[in-house]
Structures are given as structure tokens and as C-alpha cells.
Amino acid sequence: MTCETVTAEPTGPSRSAIDERLRAILVDVLSLDAERVEEFDAETGLFGHLPELDSMAVATLFTEMEDRLGIVIEDEDVDGEMLETYGGLLAFAEAKCVEA
């Protein structure tokens with residue numbers, strides 16, 4: 001499923017569909033328990049809080065986000081703030097899907 005296939009209406013993709021896909025990516029890439037990831041909220045810490053999310057995992061995470069969401073993540077798009085919390089990562093993914 002790409003951003004195009006999660007579009008609920010012409011104005012852009014459904015936030016809940018992006019959220020669902022992003023959670024699945026985190027489960028797959030970081031080998032996290034799905035129930036644990038389901039409990040993530042906007043304030044849940046990611047980089048620096050999850051030992052599974054190290055610098056190597058970040059590269060894999062971005063690759064999977066690009067593949068599964070049909071987005072392109074440029075080097076200049078990446079900053080520490082977007083990886084700090086789940087809410088930041090979700091907002092980033094949503095913005096990239098709107099661009100796509």
C-alpha cells in the first residue's frame with residue numbers, strides 16, 4: 001500500500017491509514033511486539049529511547065517507509081526532531097504522503 005492507496009478522499013491520505021502502516025513498519029523493521037507498538041502515542045520516545053532504533057535501523061526504517069508509503073525521503077528531510085517521538089515520525093510521514 002502506498003500513499004496513493006491509503007487516500008480516503010481527494011484532499012490527501014487518511015491519517016489513520018498512514019498511522020496503521022507506520023506501526024506495521026516499526027514492528028517489522030525493529031522486531032518490536034505489535035501490542036507494544038499499538039500502545040505508542042504521540043509522545044512515545046523513539047530514537048534514544050528504543051534500543052532497537054539505532055543508526056543502522058534508522059536507514060532501514062526510512063527505506064521501508066519509502067517502499068511501503070510510496071514516498072521519497074531526502075537527506076535534508078531528516079532531522080533529530082522527527083525521530084524523537086512517534087508523533088513526530090507520524091507527522092513527517094503524513095506530510096511526505098501529502099507531497100507525493
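Since this is a predicted model, take the numbers as computed values, not measurements.
Lys96 places no side-chain N or O within 3.5 Å of a backbone atom of Ile73 that could act as its donor or acceptor partner.
Under the 4.5 Å side-chain criterion, counting only non-hydrogen atoms from C-beta, Leu53 is not in contact with Val29. In this structure the side chain of Arg36 reaches within 4.5 angstrom of the side chain of Leu50, judged on heavy atoms. Two residues are said to be in side-chain contact when any heavy atoms from C-beta on lie closer than 4.5 Å; Val37 and Asp33 fail this criterion. Taking the side chain as every heavy atom from C-beta outward, His49 and Thr44 never approach each other to under 4.5 Å. Taking the side chain as every heavy atom from C-beta outward, Glu64 and Asp28 never approach each other to under 4.5 Å.
Between Ile18 atom CD1 and Leu22 atom CG the span is 9.0 Å, to the nearest 0.5 Å. Between the SG atom of Cys97 and the CE atom of Met65 there is a distance of 8.0 Å, given to the nearest 0.5 Å. Note: Glu94 CD to Ser16 OG = 10.0 Å, rounded to the nearest 0.5 Å. The CG atom of Leu90 lies 11.5 Å from the CG atom of Asp41; values are rounded to the nearest 0.5 Å.
Ala57 and Glu52 get closest at one heavy-atom pair: CB-O, 3.4 Å. Contact record, Leu69 with Ala93: CD1-CB, 4.0 Å, taken as the closest heavy-atom pair. Nearest heavy atom pair, residue Phe47 against residue Asp54, reads CE1-C, 3.9 Å.
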Hey, mind stepping through Glu20 and Arg23 against salt bridge (Lys or Arg N to Asp or Glu O under 4.0 Å) and telling me if it holds?
-> CA-CA 5 Å; Glu20 181 180 315; Arg23 289 176 192 273; over 6 Å; no
Distance-only check: which donor-acceptor pairs under 3.5 Å involve side-chain atoms of residues 78-89, not counting sequence neighbours?
unit_1: Asp79; atom_1: OD1; unit_2: Glu81; atom_2: N; d: 3.1
unit_1: Asp79; atom_1: OD1; unit_2: Met82; atom_2: N; d: 2.9
unit_1: Thr85; atom_1: OG1; unit_2: Ala42; atom_2: O; d: 3.3
unit_1: Thr85; atom_1: OG1; unit_2: Gly88; atom_2: N; d: 3.0
unit_1: Tyr86; atom_1: OH; unit_2: Asp19; atom_2: O; d: 3.3
unit_1: Tyr86; atom_1: OH; unit_2: Asp19; atom_2: OD1; d: 2.4

